[in-house]
Trainee: 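This structure is in structure tokens; I'll ask about it shortly.
The analysis underlying the following values was restricted to heavy atoms, covering all of them including side chains, and did not include hydrogens, waters or symmetry mates. These numbers were taken from a predicted model, which means no experiment stands behind them.
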Amino acid sequence: MVKNVTTTTTVDIDQPINLETTMESGQVFRWEEVQGWYIGVIGRDGYAIKQTSSGLLIRTSNPDKQATIKSIRNFFRLDDDLEKFYAELQHDQSLREAFQHWRGLRLIKQDPWECLISFVCSSVSNIPRIKKNLNSLAKAYGRPIYLANNTVYEFPSPRQLSKISVDDLLQLGLGFRAEYIVKIVNHKLAGKLNLQKLLIDNYANAKAELTKLPGVGNKIADCVLLFSLEKLEGFPIDRWVMRALVDWYGHSENARYSDLLNWAHEMWGTKAGYVQQYMYQQRRLS
DNA sequence: GTAGGCCCTTACTT
DNA sequence: AAAGTAAGGGCCT
């Protein structure tokens, strides 16, 4: 039975938001732009999202409008006050330029499981390849969701991935990350990883749990913590953020990750995550 | 604790 | 066209 009914909902937004910039900021990899609409999955529903003058226009397989508004507000973290954030850091010239250039770039709150697997895939990869890998995974093992003329796929749960082998993932082009993912799936199925617990845990404890996983070190743990586990002090340092730290603040190129992280925490506290997102965007795309 | 080699491929550049 | 290099790191020694 094909479920292709869509419900249209508008979400008014009184916050800075730039849909395109946010969706293309390397946080999420499975949202596809089609004629001004971003098409993807949140939870168990498919969504097509378009920016309008007053906010967002939403078409979704979810018939419950109130639930849709709630999930959109949650996804784009619309309770985070970006204007206040800009104002508090406007004395920093480099950041101020990034804020002006990328106004409306928001952190996204995504599903922890998909986020974890996504960033394990990101290791020494590139965005086109990461997208291909994750879409292959979802299409092969995830439940299809029919949304008007489009088919999108729910990201496969640990149980849905329970039957995968390293060879299967190699076939999908995952490379050396294949082994990590199979191990993480088994770890999860064995009940040794409780992502919901990490959601309410503090940054340090949650990070310690994540870095126990194969393929998850300092950087990838910070991505998962920041983008899905509500840890806004998460400060992933990839090569772009590293270049910003070197060029803007005079850090050494071979500084230790932990030292840079501590410095960022003293400097920005729980604003570090948003700062990182603007640094990444500015240094990579300007 | 830490530096260096290695990992599997793909996408993009020269 | 073929070769080289970078790509949102992590693991092992």
Trainee: Do the charged groups of A/R103 and A/E83 touch, with an N to O distance under 4.0 Å?
Mentor: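 Yes.
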Trainee: Does A/R283 reach a base, just sugar-phosphate, or nothing at all? Heavy atoms under 4.0 Å.
Mentor: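 Here A/R283 touches no strand at all.
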Trainee: Indicate the ring-plane relationship of A/H251 and A/Y249, choosing parallel, tilted or perpendicular according to the 30° and 60° boundaries.
Mentor: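 Tilted: the ring planes of A/H251 and A/Y249 meet at 30° to 60°.
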Trainee: According to the interplanar angle, ranging from 0 to 90°, do the rings of A/F75 and A/W31 count as parallel (below 30°), tilted (30 to 60°) or perpendicular (above 60°)?
Mentor: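 Rings of A/F75 and A/W31: tilted, 30 to 60°.
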Trainee: Taking DNA chain C as the partner, which of residues 201-221 of chain A come within under 4.0 angstrom of it by heavy atom?
Mentor: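 The stretch gives A/L213, A/P214, A/G215, A/V216, A/G217, A/N218, A/K219, A/I220 as the residues lying under 4.0 Å from the strand, ordered by number.
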Trainee: Which of parallel (below 30°), tilted (30 to 60°) and perpendicular (above 60°) describes A/F227 and A/F119?
Mentor: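 Tilted, since the angle between the ring planes falls between 30° and 60°.
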Trainee: Over 60° means perpendicular and under 30° means parallel, so classify the ring planes of A/Y278 and A/F99, tilted if in between.
Mentor: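 Rings of A/F99 and A/Y278: perpendicular, as their planes differ by over 60°.
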Trainee: Counting any heavy atom closer than 4.0 Å, what does A/Q277 reach on the DNA or RNA strands: base, sugar-phosphate only, or nothing?
Mentor: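 Nothing: the residue A/Q277, judged by heavy atoms under 4.0 Å, touches no strand.
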Trainee: A/R243 has an atom CZ; how far is it from atom C1' of C/dA6, in whole Å?
Mentor: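 For the pair A/R243 CZ and C/dA6 C1', the rounded distance is 9 Å.
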Trainee: Got a salt bridge between A/D201 and A/K197, using NZ or NE/NH1/NH2 to carboxylate O under 4.0 Å?
Mentor: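 A/K197 and A/D201: salt-bridged.
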Trainee: Using a 4.0 Å heavy-atom cut-off across all strands, classify A/Q281 as base, sugar-phosphate, or nothing.
Mentor: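 No contact at all - A/Q281 keeps every heavy atom at 4.0 Å or more from the nucleic acid.
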Trainee: Starting from C1' on C/dG9, measure out to OH on A/Y280 and report it in whole angstrom.
Mentor: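 In whole Å, C/dG9 C1' and A/Y280 OH are 14 Å from each other.
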Trainee: Would you kindly give the CZ-to-P distance between A/F119 and C/dG10, to the nearest whole Å?
Mentor: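 Taking CZ of A/F119 and P of C/dG10, I get 12 Å after rounding.
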Trainee: Apply salt bridge (Lys or Arg N to Asp or Glu O under 4.0 Å) to residues A/R77 and A/E230 and explain how you reach the verdict.
Mentor: CA-CA 10 Å; A/R77 303 191 59 92; A/E230 299 273 86; 2.6 Å; yes
Trainee: Measure the distance from NZ on A/K131 to P on C/dA7 and round it to the nearest whole Å.
Mentor: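 Taking NZ of A/K131 and P of C/dA7, I get 17 Å after rounding.
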Trainee: Could you check whether any side-chain N or O of A/K231 sits under 3.5 Å from a backbone N or O of A/V224, counting only pairs where one atom can act as donor and the other as acceptor?
Mentor: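 No, because the side chain of A/K231 does not come within donor-acceptor range (under 3.5 Å) of the backbone of A/V224.
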Trainee: Just by modelled atom types, is the A/L134 backbone N or O under 3.5 Å from a matching donor or acceptor in the A/E114 side chain?
Mentor: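 Absent.
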Trainee: Atom OH of A/Y257 to atom C1' of C/dC11: distance rounded to whole Å?
Mentor: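 So the two atoms are 17 Å apart, to the nearest Å.
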Trainee: Quick test of your reading of the model: are A/D238 and A/K219 salt-bridged, counting only N-O distances below 4.0 Å?
Mentor: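 A/K219 and A/D238: not salt-bridged.
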Trainee: Using Watson-Crick and G-U wobble pairs with both distances under 3.5 Å, what is the 5'-to-3' dot-bracket string of DNA chain B, with [ ] for crossing pairs and | for pairs outside the strand?
Mentor: ..|||||.||||||
Trainee: Contact class for A/S118 vs. all strands (heavy atom < 4.0 Å): base, sugar-phosphate, or nothing?
Mentor: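 If one applies the 4.0 Å heavy-atom cut-off, A/S118 turns out to touch nothing in the nucleic acid.
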Trainee: Could you write nucleotides 7-14 of chain B as a row of B, S and -, 5' to 3', where a protein heavy atom under 4.0 Å of any base atom gives B, of only sugar-phosphate atoms gives S, and otherwise -?
Mentor: BBBBS---
Trainee: Got a second to check how far A/K132's NZ is from A/L172's CG, nearest 0.5 Å?
Mentor: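 So the gap between those two atoms works out to 9.5 Å.
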